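Predicted model, so just to flag it, every value in this text is computed and none were measured.
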Amino acid sequence: MIPISNPQRQFNALKKEITQAIHNVLNSGQYIMGEHVKRLEKEVAQMIGTKEAIAVGNGTDALVLTLEALGITKGDEVITSPFTFFATAEAIAQVGATPVFVDINETFNLDPEKIEPAITEKTKAIMPVHLFGQPAEMKTIQQLADVYDLYIVEDACQAFGAFLDNTRVGALGDAACFSFFPTKNLSTFGDGGMITTNDEQLANRLRSLRTHGSQIKYFHDEIGYNSRLDEIHAAVLLEAIQKIDLWNEERRRIAKIYKEKLRDLDFIKLPKEIDGAYHVYHLFTIVTEKRDDLMNYLINQQIQTGIYYPQPLHLQKALNHLNYKNGNFPNAENYANKSLALPIFTYLTETEQTKVIMAIRNFAGDTV
Ligand SMILES: *Cc1c(COP(=O)(O)O)cnc(C)c1O
(Lines give C-alpha, C1' and ligand atoms only; values in the text may rest on other atoms or scores of the structure.)
Protein backbone atom coordinates (compact mmCIF):
# COMPACT_ATOMS: atom_id res chain seq x y z
CA MET A 1 0.00 0.00 0.00
CA ILE A 2 1.24 3.50 -0.85
CA PRO A 3 0.13 5.63 2.10
CA ILE A 4 -1.06 9.23 1.84
CA SER A 5 1.64 10.27 4.29
CA ASN A 6 4.49 8.45 6.00
CA PRO A 7 6.16 10.29 8.88
CA GLN A 8 8.12 7.16 9.75
CA ARG A 9 10.39 7.68 6.75
CA GLN A 10 11.25 11.15 8.03
CA PHE A 11 12.17 9.71 11.43
CA ASN A 12 14.15 6.90 9.82
CA ALA A 13 16.21 9.44 7.89
CA LEU A 14 17.29 10.93 11.23
CA LYS A 15 17.26 7.76 13.30
CA LYS A 16 20.82 8.12 14.61
CA GLU A 17 20.49 11.78 15.54
CA ILE A 18 17.04 11.37 17.08
CA THR A 19 18.05 8.31 19.11
CA GLN A 20 21.07 10.17 20.44
CA ALA A 21 18.96 13.25 21.24
CA ILE A 22 16.45 11.15 23.18
CA HIS A 23 19.28 9.47 25.10
CA ASN A 24 20.61 12.87 26.02
CA VAL A 25 17.23 13.90 27.42
CA LEU A 26 16.87 10.65 29.37
CA ASN A 27 20.33 11.13 30.85
CA SER A 28 19.78 14.81 31.65
CA GLY A 29 17.15 14.17 34.32
CA GLN A 30 15.18 17.19 33.08
CA TYR A 31 12.03 16.09 31.23
CA ILE A 32 9.72 19.12 31.30
CA MET A 33 10.61 22.75 30.51
CA GLY A 34 14.34 22.31 30.17
CA GLU A 35 17.10 23.39 27.81
CA HIS A 36 15.71 21.67 24.71
CA VAL A 37 12.43 23.57 24.84
CA LYS A 38 14.31 26.84 25.28
CA ARG A 39 16.62 26.08 22.36
CA LEU A 40 13.74 25.03 20.13
CA GLU A 41 11.81 28.22 20.93
CA LYS A 42 14.88 30.24 20.00
CA GLU A 43 15.39 28.39 16.72
CA VAL A 44 11.73 28.63 15.71
CA ALA A 45 11.61 32.37 16.46
CA GLN A 46 14.80 32.90 14.47
CA MET A 47 13.58 30.85 11.53
CA ILE A 48 10.09 32.36 11.36
CA GLY A 49 11.42 35.85 12.01
CA THR A 50 9.51 36.72 15.18
CA LYS A 51 10.78 38.00 18.52
CA GLU A 52 9.13 35.21 20.46
CA ALA A 53 8.15 31.56 20.18
CA ILE A 54 6.28 29.72 22.92
CA ALA A 55 6.13 25.92 22.94
CA VAL A 56 2.87 24.28 24.04
CA GLY A 57 1.32 20.82 24.19
CA ASN A 58 -0.29 20.72 20.72
CA GLY A 59 -1.63 22.90 17.91
CA THR A 60 -5.14 23.08 19.31
CA ASP A 61 -3.85 24.39 22.64
CA ALA A 62 -1.72 26.89 20.73
CA LEU A 63 -4.95 28.31 19.25
CA VAL A 64 -6.91 28.24 22.52
CA LEU A 65 -4.16 29.83 24.61
CA THR A 66 -3.53 32.51 21.97
CA LEU A 67 -7.19 33.51 21.80
CA GLU A 68 -7.41 33.58 25.58
CA ALA A 69 -4.18 35.59 25.91
CA LEU A 70 -5.59 38.14 23.44
CA GLY A 71 -8.60 38.52 25.72
CA ILE A 72 -11.07 36.97 23.29
CA THR A 73 -14.04 35.62 25.20
CA LYS A 74 -17.82 35.21 25.45
CA GLY A 75 -19.69 37.65 23.24
CA ASP A 76 -16.79 38.07 20.81
CA GLU A 77 -16.74 36.88 17.22
CA VAL A 78 -13.79 35.44 15.31
CA ILE A 79 -13.91 35.15 11.51
CA THR A 80 -12.49 31.95 10.07
CA SER A 81 -12.80 29.33 7.34
CA PRO A 82 -15.43 26.56 7.33
CA PHE A 83 -12.99 24.40 5.33
CA THR A 84 -10.32 23.32 7.82
CA PHE A 85 -9.69 20.83 10.58
CA PHE A 86 -12.28 21.11 13.35
CA ALA A 87 -9.75 22.42 15.91
CA THR A 88 -9.72 25.86 14.25
CA ALA A 89 -13.35 26.56 15.18
CA GLU A 90 -13.20 24.42 18.31
CA ALA A 91 -10.55 26.72 19.78
CA ILE A 92 -12.76 29.77 19.19
CA ALA A 93 -15.66 28.01 20.92
CA GLN A 94 -13.39 26.82 23.76
CA VAL A 95 -12.75 30.40 24.87
CA GLY A 96 -16.50 31.11 24.72
CA ALA A 97 -16.39 33.17 21.51
CA THR A 98 -18.40 32.55 18.33
CA PRO A 99 -16.82 31.29 15.10
CA VAL A 100 -18.12 33.28 12.14
CA PHE A 101 -17.49 31.48 8.88
CA VAL A 102 -16.64 33.03 5.53
CA ASP A 103 -16.50 30.95 2.35
CA ILE A 104 -13.28 29.89 0.67
CA ASN A 105 -12.23 30.32 -2.97
CA GLU A 106 -10.37 28.01 -5.37
CA THR A 107 -7.21 28.30 -3.23
CA PHE A 108 -9.05 26.38 -0.45
CA ASN A 109 -8.36 29.40 1.79
CA LEU A 110 -10.57 32.29 2.95
CA ASP A 111 -11.99 34.34 0.07
CA PRO A 112 -10.66 37.82 0.92
CA GLU A 113 -13.62 39.47 -0.87
CA LYS A 114 -16.11 37.87 1.51
CA ILE A 115 -14.53 38.88 4.81
CA GLU A 116 -15.59 42.53 5.14
CA PRO A 117 -19.36 41.85 5.00
CA ALA A 118 -18.93 39.39 7.90
CA ILE A 119 -17.34 41.96 10.22
CA THR A 120 -19.63 43.21 13.02
CA GLU A 121 -19.27 45.25 16.22
CA LYS A 122 -18.44 42.00 17.99
CA THR A 123 -15.64 40.89 15.68
CA LYS A 124 -12.31 40.75 17.53
CA ALA A 125 -10.10 38.69 15.25
CA ILE A 126 -9.64 37.06 11.89
CA MET A 127 -8.17 33.57 11.95
CA PRO A 128 -6.96 32.65 8.47
CA VAL A 129 -5.87 29.04 7.95
CA HIS A 130 -2.94 28.33 5.63
CA LEU A 131 -4.62 25.17 4.42
CA PHE A 132 -2.68 22.30 2.85
CA GLY A 133 0.54 24.34 3.23
CA GLN A 134 -0.49 27.32 1.10
CA PRO A 135 -0.44 30.80 2.70
CA ALA A 136 -3.84 32.49 2.85
CA GLU A 137 -4.30 35.71 0.82
CA MET A 138 -3.08 37.92 3.65
CA LYS A 139 -2.94 41.34 2.00
CA THR A 140 -6.67 42.06 2.23
CA ILE A 141 -6.84 40.40 5.64
CA GLN A 142 -4.07 42.69 6.93
CA GLN A 143 -5.80 45.77 5.48
CA LEU A 144 -9.13 44.83 7.07
CA ALA A 145 -7.44 44.12 10.41
CA ASP A 146 -5.92 47.61 10.31
CA VAL A 147 -9.13 49.39 9.34
CA TYR A 148 -11.38 47.56 11.84
CA ASP A 149 -8.74 47.12 14.56
CA LEU A 150 -8.86 43.33 14.59
CA TYR A 151 -6.28 40.77 15.65
CA ILE A 152 -4.93 38.31 13.11
CA VAL A 153 -4.26 34.83 14.48
CA GLU A 154 -2.77 32.56 11.83
CA ASP A 155 -3.67 28.89 11.97
CA ALA A 156 -0.36 27.81 10.47
CA CYS A 157 -0.59 24.20 11.68
CA GLN A 158 -0.25 22.83 8.14
CA ALA A 159 2.29 25.30 6.83
CA PHE A 160 5.54 25.33 8.82
CA GLY A 161 8.21 26.84 6.57
CA ALA A 162 5.87 28.35 3.97
CA PHE A 163 6.45 31.92 2.79
CA LEU A 164 4.28 34.70 1.47
CA ASP A 165 6.53 37.00 -0.53
CA ASN A 166 9.59 37.18 1.70
CA THR A 167 7.88 36.60 5.01
CA ARG A 168 7.45 33.23 6.63
CA VAL A 169 4.01 32.09 7.60
CA GLY A 170 3.93 32.65 11.36
CA ALA A 171 5.07 36.27 11.05
CA LEU A 172 2.08 37.56 9.07
CA GLY A 173 -0.24 38.47 11.94
CA ASP A 174 -0.37 39.22 15.68
CA ALA A 175 0.28 35.59 16.56
CA ALA A 176 0.48 32.26 14.77
CA CYS A 177 -0.08 28.68 15.82
CA PHE A 178 1.77 25.56 14.70
CA SER A 179 1.25 21.85 15.30
CA PHE A 180 3.95 19.16 15.43
CA PHE A 181 1.48 16.26 15.14
CA PRO A 182 3.24 13.30 13.43
CA THR A 183 1.86 13.92 9.92
CA LYS A 184 2.56 17.68 9.84
CA ASN A 185 5.50 18.91 7.74
CA LEU A 186 7.61 19.55 10.85
CA SER A 187 6.65 16.87 13.34
CA THR A 188 7.55 14.74 16.31
CA PHE A 189 6.25 11.30 17.26
CA GLY A 190 3.57 12.59 19.56
CA ASP A 191 1.77 15.86 20.18
CA GLY A 192 3.40 19.26 20.18
CA GLY A 193 2.66 22.87 19.30
CA MET A 194 4.18 26.35 19.07
CA ILE A 195 3.01 29.96 19.03
CA THR A 196 5.03 32.71 17.34
CA THR A 197 4.55 36.44 17.93
CA ASN A 198 6.39 39.76 17.98
CA ASP A 199 4.43 40.89 21.05
CA GLU A 200 6.55 40.30 24.17
CA GLN A 201 3.68 40.99 26.52
CA LEU A 202 1.52 38.44 24.75
CA ALA A 203 4.41 35.96 24.92
CA ASN A 204 4.72 36.41 28.69
CA ARG A 205 1.00 35.88 29.15
CA LEU A 206 1.21 32.71 27.04
CA ARG A 207 4.15 31.42 29.11
CA SER A 208 2.06 31.92 32.21
CA LEU A 209 -1.09 30.34 30.74
CA ARG A 210 0.75 27.17 29.65
CA THR A 211 1.94 26.52 33.22
CA HIS A 212 -1.13 26.97 35.40
CA GLY A 213 -1.18 30.77 35.19
CA SER A 214 2.11 30.93 37.02
CA GLN A 215 5.36 32.84 36.43
CA ILE A 216 6.97 31.86 39.72
CA LYS A 217 6.51 28.27 40.83
CA TYR A 218 3.60 27.79 43.26
CA PHE A 219 2.43 31.42 42.86
CA HIS A 220 -0.56 31.64 40.50
CA ASP A 221 -1.78 34.89 38.95
CA GLU A 222 -4.69 33.37 37.02
CA ILE A 223 -6.41 30.13 36.08
CA GLY A 224 -4.28 28.58 33.36
CA TYR A 225 -3.60 25.27 31.67
CA ASN A 226 -1.11 22.46 31.72
CA SER A 227 0.08 22.61 28.13
CA ARG A 228 3.80 22.17 27.65
CA LEU A 229 6.05 20.56 25.09
CA ASP A 230 8.01 17.61 26.54
CA GLU A 231 11.81 17.80 26.43
CA ILE A 232 11.90 14.57 24.40
CA HIS A 233 9.71 16.10 21.69
CA ALA A 234 11.71 19.34 21.75
CA ALA A 235 14.91 17.31 21.27
CA VAL A 236 13.39 15.45 18.30
CA LEU A 237 12.14 18.72 16.80
CA LEU A 238 15.59 20.31 17.18
CA GLU A 239 16.91 17.61 14.84
CA ALA A 240 13.95 17.78 12.43
CA ILE A 241 14.00 21.58 12.13
CA GLN A 242 17.50 21.36 10.61
CA LYS A 243 15.89 19.51 7.70
CA ILE A 244 12.55 21.27 7.29
CA ASP A 245 13.49 23.55 4.40
CA LEU A 246 14.98 20.58 2.54
CA TRP A 247 11.92 18.46 3.28
CA ASN A 248 9.55 21.18 2.12
CA GLU A 249 11.59 21.58 -1.09
CA GLU A 250 11.16 17.84 -1.61
CA ARG A 251 7.37 18.11 -1.20
CA ARG A 252 7.38 20.94 -3.75
CA ARG A 253 9.38 18.81 -6.17
CA ILE A 254 6.87 15.97 -5.84
CA ALA A 255 3.97 18.42 -6.31
CA LYS A 256 5.58 19.76 -9.47
CA ILE A 257 5.83 16.27 -10.95
CA TYR A 258 2.15 15.58 -10.20
CA LYS A 259 1.27 18.86 -11.93
CA GLU A 260 3.36 18.07 -15.01
CA LYS A 261 2.13 14.51 -15.38
CA LEU A 262 -1.57 15.14 -14.70
CA ARG A 263 -1.90 18.51 -16.43
CA ASP A 264 -3.64 17.16 -19.54
CA LEU A 265 -6.40 15.30 -17.65
CA ASP A 266 -9.33 17.65 -17.86
CA PHE A 267 -11.50 15.81 -15.31
CA ILE A 268 -9.03 16.92 -12.64
CA LYS A 269 -8.38 20.41 -11.27
CA LEU A 270 -4.86 20.74 -9.88
CA PRO A 271 -3.91 22.93 -6.89
CA LYS A 272 -2.83 26.47 -7.82
CA GLU A 273 -0.30 28.63 -6.03
CA ILE A 274 -1.19 32.26 -5.36
CA ASP A 275 1.22 35.04 -6.37
CA GLY A 276 4.18 35.25 -4.03
CA ALA A 277 3.39 31.98 -2.25
CA TYR A 278 5.93 29.36 -1.33
CA HIS A 279 3.43 26.52 -0.84
CA VAL A 280 4.81 23.65 1.26
CA TYR A 281 2.28 21.00 0.15
CA HIS A 282 1.30 19.51 3.46
CA LEU A 283 -1.31 17.93 1.19
CA PHE A 284 -1.62 17.76 -2.59
CA THR A 285 -5.34 18.15 -3.16
CA ILE A 286 -7.05 17.75 -6.51
CA VAL A 287 -10.70 18.52 -7.29
CA THR A 288 -12.81 16.21 -9.44
CA GLU A 289 -16.47 15.34 -10.03
CA LYS A 290 -15.33 11.68 -10.09
CA ARG A 291 -13.85 11.89 -6.60
CA ASP A 292 -15.47 8.82 -5.06
CA ASP A 293 -14.93 6.60 -8.12
CA LEU A 294 -11.30 7.67 -8.39
CA MET A 295 -10.74 7.09 -4.68
CA ASN A 296 -12.14 3.54 -4.90
CA TYR A 297 -10.17 2.82 -8.06
CA LEU A 298 -6.93 3.90 -6.38
CA ILE A 299 -7.56 1.94 -3.19
CA ASN A 300 -8.01 -1.18 -5.34
CA GLN A 301 -4.53 -0.43 -6.74
CA GLN A 302 -3.15 -0.22 -3.19
CA ILE A 303 -2.97 3.58 -3.27
CA GLN A 304 -4.31 5.45 -0.28
CA THR A 305 -5.87 8.89 -0.75
CA GLY A 306 -7.68 11.17 1.70
CA ILE A 307 -10.67 13.48 1.86
CA TYR A 308 -9.84 16.78 3.52
CA TYR A 309 -12.47 17.58 4.63
CA PRO A 310 -15.64 15.55 4.08
CA GLN A 311 -17.85 17.83 6.20
CA PRO A 312 -17.37 21.62 6.33
CA LEU A 313 -17.38 23.05 9.85
CA HIS A 314 -20.63 25.02 9.51
CA LEU A 315 -22.46 21.70 9.03
CA GLN A 316 -20.83 19.91 11.99
CA LYS A 317 -23.24 18.62 14.62
CA ALA A 318 -21.13 20.17 17.39
CA LEU A 319 -21.83 23.63 15.89
CA ASN A 320 -25.57 23.13 15.24
CA HIS A 321 -26.37 25.96 17.62
CA LEU A 322 -24.78 28.48 15.24
CA ASN A 323 -27.71 27.78 12.87
CA TYR A 324 -25.79 27.54 9.63
CA LYS A 325 -27.43 25.63 6.79
CA ASN A 326 -26.45 23.64 3.75
CA GLY A 327 -26.03 26.23 0.99
CA ASN A 328 -24.44 28.90 3.20
CA PHE A 329 -20.91 28.31 1.85
CA PRO A 330 -21.16 26.78 -1.62
CA ASN A 331 -17.42 26.54 -2.26
CA ALA A 332 -16.63 24.78 1.02
CA GLU A 333 -19.56 22.41 0.41
CA ASN A 334 -18.49 21.78 -3.17
CA TYR A 335 -14.89 20.97 -2.22
CA ALA A 336 -16.06 18.71 0.60
CA ASN A 337 -17.67 16.59 -2.14
CA LYS A 338 -14.96 16.83 -4.78
CA SER A 339 -11.53 17.16 -3.18
CA LEU A 340 -9.08 14.29 -3.00
CA ALA A 341 -5.58 14.38 -1.51
CA LEU A 342 -2.93 12.25 -3.23
CA PRO A 343 0.07 10.65 -1.50
CA ILE A 344 2.70 13.29 -0.75
CA PHE A 345 5.47 13.15 1.81
CA THR A 346 9.22 13.51 2.03
CA TYR A 347 10.87 10.31 0.79
CA LEU A 348 7.94 9.25 -1.40
CA THR A 349 9.93 7.31 -4.02
CA GLU A 350 9.90 7.95 -7.74
CA THR A 351 8.57 4.40 -8.27
CA GLU A 352 5.69 5.06 -5.88
CA GLN A 353 4.79 8.40 -7.42
CA THR A 354 4.91 6.92 -10.93
CA LYS A 355 2.52 4.19 -9.77
CA VAL A 356 0.08 6.83 -8.47
CA ILE A 357 0.29 8.85 -11.69
CA MET A 358 -0.15 5.79 -13.92
CA ALA A 359 -3.13 4.61 -11.88
CA ILE A 360 -4.86 7.99 -12.26
CA ARG A 361 -4.13 7.99 -15.99
CA ASN A 362 -5.46 4.45 -16.30
CA PHE A 363 -8.60 5.45 -14.44
CA ALA A 364 -9.04 8.25 -16.97
CA GLY A 365 -8.54 5.83 -19.87
CA ASP A 366 -10.91 3.26 -18.40
CA THR A 367 -13.77 5.40 -17.24
CA VAL A 368 -13.64 9.02 -18.37
C1 LIG B 1 -3.45 19.79 12.93
C2 LIG B 1 -4.24 21.02 12.92
C3 LIG B 1 -4.67 21.64 14.10
C4 LIG B 1 -4.51 21.02 15.45
O5 LIG B 1 -3.24 20.61 15.78
P6 LIG B 1 -3.06 19.49 16.92
O7 LIG B 1 -1.59 19.52 17.20
O8 LIG B 1 -3.50 18.19 16.34
O9 LIG B 1 -3.87 19.87 18.10
C10 LIG B 1 -5.33 22.85 14.00
N11 LIG B 1 -5.59 23.41 12.80
C12 LIG B 1 -5.22 22.83 11.66
C13 LIG B 1 -5.52 23.51 10.37
C14 LIG B 1 -4.57 21.61 11.67
O15 LIG B 1 -4.22 21.03 10.52
Side-chain angles (χ1 to χ4, degrees), residues 7 10-11 14 17-66 68-69 87 91 153-154 156-157 159-161 168-171 175-222 224-245 247:
Q10 246 167 238
F11 295 133
L14 286 175
E17 291 85 347
I18 287 175
T19 308
Q20 185 61 51
I22 291 171
H23 264 278
N24 293 346
V25 173
L26 294 180
N27 290 331
S28 77
Q30 177 84 41
Y31 308 126
I32 302 261
M33 299 304 288
E35 284 310 306
H36 295 87
V37 166
K38 271 195 200 127
R39 268 172 49 209
L40 181 68
E41 289 180 338
K42 225 180 203 165
E43 290 217 17
V44 168
Q46 199 165 33
M47 181 170 219
I48 303 297
T50 53
K51 280 190 197 145
E52 302 275 356
I54 305 95
V56 293
N58 55 68
T60 307
D61 281 358
L63 293 165
V64 172
L65 268 63
T66 299
E68 180 157 341
V153 178
E154 300 170 73
C157 288
F160 195 100
R168 289 252 195 201
V169 151
C177 302
F178 294 97
S179 164
F180 303 129
F181 183 85
T183 57
K184 302 288 157 93
N185 291 32
L186 176 64
S187 62
T188 181
F189 36 62
D191 280 309
M194 187 75 74
I195 303 150
T196 53
T197 181
N198 282 315
D199 183 336
E200 287 168 52
Q201 230 175 324
L202 185 71
N204 288 338
R205 178 92 194 276
L206 286 164
R207 291 204 167 91
S208 161
L209 280 176
R210 76 175 166 187
T211 45
H212 307 285
S214 160
Q215 308 261 18
I216 302 162
K217 213 170 183 182
Y218 305 126
F219 293 86
H220 302 268
D221 307 317
E222 62 179 324
Y225 298 81
N226 174 9
S227 184
R228 297 170 297 219
L229 184 70
D230 293 333
E231 280 287 290
I232 281 190
H233 291 308
V236 171
L237 287 160
L238 276 167
E239 298 301 328
I241 200 171
Q242 311 303 324
K243 300 279 182 216
I244 188 61
D245 280 337
W247 287 346

What distance do [X] atom [atom1] and [Y] atom [atom2] have between them, rounded to the nearest 0.5 Å?
{"X": "D199", "Y": "L206", "atom1": "CG", "atom2": "CG", "answer": "9.0 Å"}
{"X": "L238", "Y": "K42", "atom1": "CG", "atom2": "NZ", "answer": "12.0 Å"}
{"X": "S28", "Y": "H23", "atom1": "OG", "atom2": "NE2", "answer": "12.5 Å"}
{"X": "L186", "Y": "M47", "atom1": "CG", "atom2": "CE", "answer": "8.0 Å"}

Subject >> Note: E52-R207 ion pair, threshold 4.0 Å (strictly below) >> reply: yes
Original post:
Is it true that the side chains of Q20 and N24 contain a donor and an acceptor less than 3.5 Å apart?
Top reply: yes
Where is the tightest heavy-atom contact between [X] and [Y], given as atom of each residue plus distance?
{"X": "F178", "Y": "A62", "value": "O-CB, 4.3 Å"}
{"X": "V56", "Y": "L65", "value": "CG1-CD2, 4.1 Å"}
{"X": "A234", "Y": "L40", "value": "CA-CD2, 4.1 Å"}
{"X": "F11", "Y": "S187", "value": "CE2-O, 3.9 Å"}
{"X": "G170", "Y": "T50", "value": "O-CG2, 3.5 Å"}
{"X": "A171", "Y": "G49", "value": "CB-O, 4.3 Å"}

Does the side chain of [Y] come within less than 4.5 Å of [X]'s, by heavy atoms?
{"X": "I48", "Y": "F160", "result": "yes"}
{"X": "W247", "Y": "N185", "result": "no"}
{"X": "Q215", "Y": "R205", "result": "no"}
{"X": "R228", "Y": "V37", "result": "no"}
{"X": "E43", "Y": "Q242", "result": "yes"}
{"X": "V153", "Y": "C177", "result": "yes"}

Test your reading of the model: is there a side-chain donor-acceptor pair from [X] to the backbone of [Y], 3.5 Å cut-off?
{"X": "D61", "Y": "G57", "value": "no"}
{"X": "N58", "Y": "T60", "value": "yes"}
{"X": "Y31", "Y": "L26", "value": "yes"}
{"X": "T188", "Y": "F180", "value": "no"}

Original post:
Partners of E17 by side chain to side chain contact (heavy atoms under 4.5 Å, CB included), sequence neighbours excluded?
Top reply: L14, E239
**OP:** Check side chain to side chain contact (heavy atoms under 4.5 Å, CB included) between A91 and all other residues, then give those that pass, not counting sequence neighbours.
**Re:** L63, V64, L67
Original post:
Restricting to pairs with a member in residues 189-198, which pass side-chain hydrogen bond (donor to acceptor under 3.5 Å, both in side chains), not counting sequence neighbours?
Top reply: none
**OP:** With sequence neighbours excluded, tell me which residues meet ring pair (Phe, Tyr, Trp, His ring centres under 6.0 Å) with Y225.
**Re:** none
Subject >> Greater than 12 external heavy atoms within 6.0 Å of H220's NE2 >> reply: yes
Original post:
Taking H36 as the fixed residue, which of E41, H233, E231 is the one that meets the side chain to side chain donor-acceptor pair (under 3.5 Å) rule?
Top reply: E231
**OP:** Just jot down the salt bridge (charged side-chain N to carboxylate O under 4.0 Å, His left out) partners of D245, sequence neighbours excluded, or say none.
**Re:** R168
**OP:** Mind checking side-chain hydrogen bond (donor to acceptor under 3.5 Å, both in side chains) for E35 and listing every partner two or more places apart, or none if nothing turns up?
**Re:** none
